Amino acid sequence: MASQQDEARSDERKRAILDRQLNGIKSQEKQSKNVFEYATLADKIILSVSSACAVLAGALNPLVPVIYGLLVGVFNGFAAGSVTAAELRSKISTFSLYYVYLSIALFAFTYVATVGFYYSGERIARALRTAYLSAIMRQNMAFFDLLGPGVITSRIMSDMGSVQETVTSKVSVMLSALAQFCAAFIVAFIMYWKTALILSPFFAAMIVTASIGGAYAIKHHKRAMELYNQASGVAEEAIGAIRHVTAFGIQRLLSQRYLSVLEQAAKADGKAQNMVAAMIAWMNAMPCLIDALSFWAGSKLLVKGEVSVAEVTTTTLAVTIGSFALIRIAPSAQAVTSGIAIAGAVLKAIARRSPQDPLAAEGEQPTSVVGDIQLDHVDLVYPSRDDVRILSDVTLTCAAMKKTAIVGPSGSGKSSILGLVERFYEPTGGTFMLDGRDIQSLNLRWLRRQISLVDQNPVLFNASIFENIQYGCSEILDQLPGAELHQRVIEASKKANAHDFIMALPDGYQTQVGEKGLQLSGGQRQRVAIARALIKDPKILLLDEATSALDSKSEAAVQAALDAASEHRTTIIIAHRLSTIRNADNIIVLAEGKVVEEGKHEALIAQNGVYAALVQKQQIDDTKVNATTTNATRLSVDDVKNNTTSSSTVNYLDDEKNIQTQTDELARPSTRRAQATARKDIRRLSAKQTLSFIGHMSRDDWKVLLFGLMCAILAGLGIPVQSVFFAKLLTVIGFPPPQYGQLRDQVDLWSGLYVAIAGATFIFWMGVGMALSYATEQLSRRVREVCFRSIMVQDMAFFDEPGNVPSALSSVLSKSTDDLAGMGGPVIGGILTFISTILGGIILSLVVGWKLALVCTATIPVVVACGWLRLQMLSTFDTKIRQSGLDSAAYAGELVRSVRTVASLGLEEYALARYDGFLAKQAAKSVRSILSASSLYAASQSVVYLCAALAFWYGGTLIANEEYSTFQVYVCFVSLISGSQIAGSIFTFAPDASKAMHASQELQSIMDLKPTINNDKSQRMLASTKGNEEKGEPHQQESGACRIEFENVAFTYPSRPNRLALDNLSITVDPGQTLALVGQSGSGKSTCISLLERFYEPDQGRIIVDGRDIRKLDVDGYRRAIALVSQETIVLSGTIRENIAIGLAGEDVSDIDILEACRQANILDFVESLPEGLSTLVGTGGSMLSGGQKQRIAIARAFLRRPRILLLDEATSALDTESEAIVQAAMDAIRKNRTTVMVAHRLSTVRNADVICVLQDGVLLEMGSHEELVGKRGKYWEMVGMQNLH
């Protein structure tokens, strides 16, 4: 009974630990309710003043009906004969001056409000961005394991922009509109309470509609945002794995996956958009109903003598202005709803309290560290896969100042122990102690400062080599003088055997390593990572396959350095290459999460157990090597050198000119274009180009667009029609008492017509909203799809460019597409409505009264010019901050993708300070632009009242001179001056139009990119749309192996044009042979693989497969005959089944075939041990799998492909000895009837190769079989000697 209770308690404790890691700790602090909590005191003061000014600017508008009412009273008095011409002129001059004063006040208040909101909004958004990234950097690893790739990057890049927009422009618009609404309501009640009371239900109906509709729209918009973030994740992951995506030809498969998520998002967003369309239509129809009811009820009260004409007019106009105030909020509804939804998700993420917080102050910080590590009955289950036990009852000791090695098969829990030392995860049972203290009780930041980790897949940051190494000692960077820091970096590099290769690079330590360090070879990256680990002189050194990517010579030198570095510290080594750990003080053998053997190398060999068997499998047996060889078919290096004048070379020389010309023509146009893309911003932006781009991309929806645009034009003509009704009603209610009977009949007629036009307005606006939002949604989806496909087929040179990192390209897909969509839907509808309103108004006014019409029309360009100037200012402003915004977002994206490295280096504070620096630089640039743009915006809002003053003054003069009737003046005024006001409000969309112009240019430049190598593929990819996309047919595999020839191949990487990667390389591999490429890191081995995969084209020479230059072959068909297993193992999010099946992209692959491939790759037992088998999710980037498991999935993928050419770039580097032996045997079997090119540092894997080539600095040094090369006692023989265990 007691044991059952103990078991229940233990299970409860385990669940609590897992829950804590998955969901965080329940925080005592309350979650921030809104983004304004991130405002400083200064921001709050500025926001308060700006809010007050926005409210005053809004409240001034309802004074217009008061002046208007007074003017109507005077006009009607003059018509009735109670006001003389002289009085009329005097009063018109006074009332026109009121308009001028109103205009000046409005300019001042609008200017202050706009500047204040933009300035503070940017500062709040900056604080929120920093707080969000800080919260993310604090999280434990389990948080990232379940997070979709790109979710955080998308949130920082795209979503934060929406929040900033909401705070800067949309809140200000909303406050002004609400103040205008309230002031209008007050004016209406002061004028005559009965009329105001009759009209009140309309306001209530508007508010209820907005509330219910808004809630519905937010709900669906929130869901759409989640799906769009998921789509961004798919895109970023695909772009990050572009080499494997290209090698396996899975661009179309990933496009379909991306598209299916986009379609789900579009459905959810469509519901939100339709509700917004209904709200806008209702709000546009409402003023017509208000006018109808107001004049109808007002005329009854007027007949009774309760009100005057001026009071009826003022009340009607005040209520109408109040209604228009509510309508002004509607176009911002989308931004506000998404802003609220996004801010909620951001604040929720910020509120999550991490159980392993590297920035927290709590926890012990002992004064010294001995380095004694003990595991006492430790269990470990990963929170993201809680049904699989990783470590089970492990008890072991890593003695202080000693070297402990942990070996065992892949998935046995070796790397998990290092994860526990770094506190990436929490043990679910037992105790993990450092110097007798529970490791969980120590301060996390302090703990990680005592530790350096070199991972089996080292992550470098997109910076220089110098910066990457100095990140190792980030906590003391500020305290060290420049010279001392420089000295430290060089010393660490020398210890890691990296100094020589760094100095050989053209830019030395300032060489940029690119995204994930991919500009360096695997071995070079590993040595930079070791230098980074050694620079801070850690107390505990963790080496997880630290030398797996090094060649034998580098490994020997680095191993000696690591041995020396291990002298005065606790070192834990994980290695599959057992030669690296034979001198360890203690070797622990793990299997299935349990310790099975422990002891020194000699003792374990003597036991003749698991370890001895592993060692036996790794020996390079040289007993069969003869000093001399008689096999005449083998080539020595002398033969290779002499062969440069042989017949094959002479044959080649015949068409050398031809090939050289072709090479010059092909010389990296994609790279030149990639550089041109970065310079595209210099080109002038134009709305015409943007509209033409939108039109081109929306051509499939032309019927819907045409319907929407027709509705927009008809909706716009509503105002000129209403101006006639309004003028008639104003004239009618001015009838003297004897004509009251006629007055009532006329009012009934025109009020009835007003109700009819309200219905028509609703239908037209609904048509505009639904049709154009649908077209915009389709545009957004289509642009994302085409751009994604265009990116997917670019040549590798494009991705080597510094500006084309995955996070930046993912940002273009999400942020730029959102910005482009901002020019669609309601905006284009609004612009068309404006054009039809103005043109309709001008024509009507010219017909009714041409003199006044000409004066009123002359004022329209002034209003439009103000709005247009503001658009130009915002466009300039956008250009300046866009690049720095991209820089900061790309940096944040990189931090999140490399979160384990950031955590182990303790880079959180340094990284956040640097991120804040990016944002500060961006903010400093934008202040001046804000000031000038705001003045033009304020002018565009206030100039309309100067125009009204002019129109009334001139109209009044015409009435006084008895040239025009009041009806003519009213028609001209309402149709044109109201039209001008709409013109002013259209430019509320200027920020959207400005962003759309930038976005269209950026997107257009990506679509225009034409790859050189993937050209045929790009045509097919871009031609296939959802409707005609054919299912990939199973390719008919040609039988037999290929003959591969490298003929005098020379190559330099586009990003490093001054350094030859290959120099005059000539190699021939006969069909069915295995070619092994060996040599130091950076000698050009992986470059040969890249050229064979046609990732790049040679600068000189050619590669011939089966007698044909590979440049002349169909790139798709050629790559289908190849399978690549790379040292950069790529596993995509999804299930194990999906990851293996992409080996045959687009084909239906049965589980039987997949399981057979798993068996060949020695991963079948692992897959079958999982509860969900092939359906098990692997996590973001395969985060739930060990390095060896990921490698075996990649090998299974290649086996499934059944290729004619097999390319293995360090294919077994992450495998334990047992798996490697089994996989090696499977590979030996699979190599039959196919040509294999392999790159390996572990020479035991290449001894059976038919031809072994030793490369150095891109030049071929030696060539022959294992026996021949050992017999020659040259470079290869030296390398073999370094790797022997006995």
Side-chain angles (χ1 to χ4, degrees), residues 369-376 378 380 390-391 394-410 412-425 427 430-437 439 442 447-458 472 526 529-530 532-534 536-548 558-559 561-591 593-601 604 611 900-901 903-905 1186-1188 1214 1216:
V369 177
V370 179
D372 196 34
I373 294 170
Q374 285 178 301
L375 279 74
D376 185 19
V378 166
L380 175 67
I390 306 298
L391 294 177
V394 171
T395 300
L396 58 86
T397 301
C398 301
M401 305 294 172
K402 301 284 185 190
K403 200 175 354 172
T404 305
I406 303 174
V407 300
S410 295
S412 59
K414 305 183 298 296
S415 297
S416 300
I417 289 177
L418 299 195
L420 291 176
V421 177
E422 284 272 14
R423 273 179 59 188
F424 289 158
Y425 298 96
T431 319
F432 196 118
M433 287 183 288
L434 173 64
D435 296 344
R437 293 183 176 88
I439 204 167
L442 300 172
L447 173 71
R448 286 182 181 160
R449 279 181 178 170
Q450 316 308 314
I451 302 170
S452 273
L453 167 69
V454 182
D455 211 344
Q456 90 193 59
N457 287 321
Q526 198 107 30
I530 292 168
R532 182 173 67 188
L534 296 178
K536 75 172 171 189
D537 196 26
K539 295 287 188 292
I540 299 167
L541 186 60
L542 307 178
L543 305 172
D544 188 355
E545 287 282 357
T547 58
S548 65
V558 172
Q559 199 58 51
L562 290 175
D563 288 344
S566 306
E567 285 305 309
H568 307 296
R569 54 178 61 92
T570 306
T571 309
I572 304 178
I573 306 169
I574 288 177
H576 289 138
R577 216 186 284 181
L578 302 180
S579 57
T580 61
I581 55 138
R582 59 172 301 166
N583 299 324
D585 298 295
N586 188 26
I587 297 170
I588 294 164
V589 185
L590 286 183
K594 294 178 180 172
V595 177
V596 290
E597 285 181 0
E598 191 172 350
K600 285 202 164 208
H601 172 75
L604 291 172
Y611 180 77
R900 277 173 189 259
T901 309
S904 69
L905 293 171
S1186 73
D1216 58 275

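Numbers here are sequence positions counted from 1. None of these values were measured; they are calculated from a predicted model.
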Looking at side-chain heavy atoms only, is the closest gap between [X] and [Y] below 4.5 Å?
| X | Y | value |
| --- | --- | --- |
| T404 | T571 | no |
| L434 | L447 | yes |
| V454 | D544 | no |

(request) Would you please name every residue forming a salt bridge (charged side-chain N to carboxylate O under 4.0 Å, His left out) with E597, sequence neighbours left out? (result)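 Partners of E597 under the salt bridge (charged side-chain N to carboxylate O under 4.0 Å, His left out) test: none.
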
Could you state the interatomic distance from [atom1] ([X]) to [atom2] ([Y]), rounded to the nearest 0.5 Å?
| X | Y | atom1 | atom2 | result |
| --- | --- | --- | --- | --- |
| Y425 | L380 | OH | CG | 9.0 Å |
| D585 | K600 | CG | NZ | 5.0 Å |
| Q374 | F432 | CD | CZ | 10.0 Å |
| D372 | C398 | CG | SG | 9.0 Å |
| L453 | I572 | CG | CD1 | 10.5 Å |
| D455 | S904 | CG | OG | 7.5 Å |

Using atom types as modelled and distance alone, determine if a side-chain donor or acceptor of [X] lies under 3.5 Å from a backbone N or O of [Y].
| X | Y | answer |
| --- | --- | --- |
| D435 | V369 | no |
| S452 | A533 | yes |
| R423 | I439 | yes |
| D376 | T431 | no |
| K414 | G408 | yes |
| R437 | L442 | no |

Exercise: identify the closest heavy-atom pair between [X] and [Y]:
| X | Y | answer |
| --- | --- | --- |
| Q450 | P538 | O-CB, 3.7 Å |
| S416 | I390 | OG-CG2, 3.2 Å |
| T397 | I588 | O-CD1, 4.3 Å |
| K594 | V394 | CA-CG2, 4.4 Å |
| Q526 | E545 | NE2-O, 3.2 Å |

(request) List in chain and number order the residues that pass side chain to side chain contact (heavy atoms under 4.5 Å, CB included) with D537, two or more places apart in sequence or in another chain; answer none if no residue qualifies. (result)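 Once residues adjacent in sequence are excluded, the partners of D537 under the side chain to side chain contact (heavy atoms under 4.5 Å, CB included) criterion are R569.
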
(message) Among residues at least two apart in sequence or on other chains, which ones pass side chain to side chain contact (heavy atoms under 4.5 Å, CB included) with T570?
(response)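 Checked T570 against side chain to side chain contact (heavy atoms under 4.5 Å, CB included); matches are I373, A400, I540.
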
(message) For a side-chain contact (heavy atoms from CB on, under 4.5 Å) check, start with the C-alpha distance between L420 and L391, then their side-chain angles and the critical distance, and finish with the verdict.
(response) CA-CA 11 Å; L420 291 176; L391 294 177; 3.8 Å; yes

(request) Please check if atom NZ in K536 has more than 12 non-hydrogen atoms from other residues, nucleotides or ligands closer than 6.0 Å. (result)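 Correct, the count exceeds 12.
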
(message) With side-chain contact (heavy atoms from CB on, under 4.5 Å) as the criterion, how do V407 and I574 come out once you've worked through the C-alpha distance, each side chain's angles and the decisive distance to 0.1 Å?
(response) CA-CA 6 Å; V407 300; I574 288 177; over 6 Å; no

(request) Have a look at N586 and tell me which of E598, K402, K403 forms a side-chain hydrogen bond (donor to acceptor under 3.5 Å, both in side chains) with it. (result)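 Filter result, single survivor: E598.
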
(request) Go through the steps for T901 and R532 under the test side-chain contact (heavy atoms from CB on, under 4.5 Å), then give the verdict. (result) CA-CA 11 Å; T901 309; R532 182 173 67 188; 3.5 Å; yes

(request) Mind running side-chain contact (heavy atoms from CB on, under 4.5 Å) on I417 and I406 for me, showing each step along the way? (result) CA-CA 9 Å; I417 289 177; I406 303 174; 4.1 Å; yes

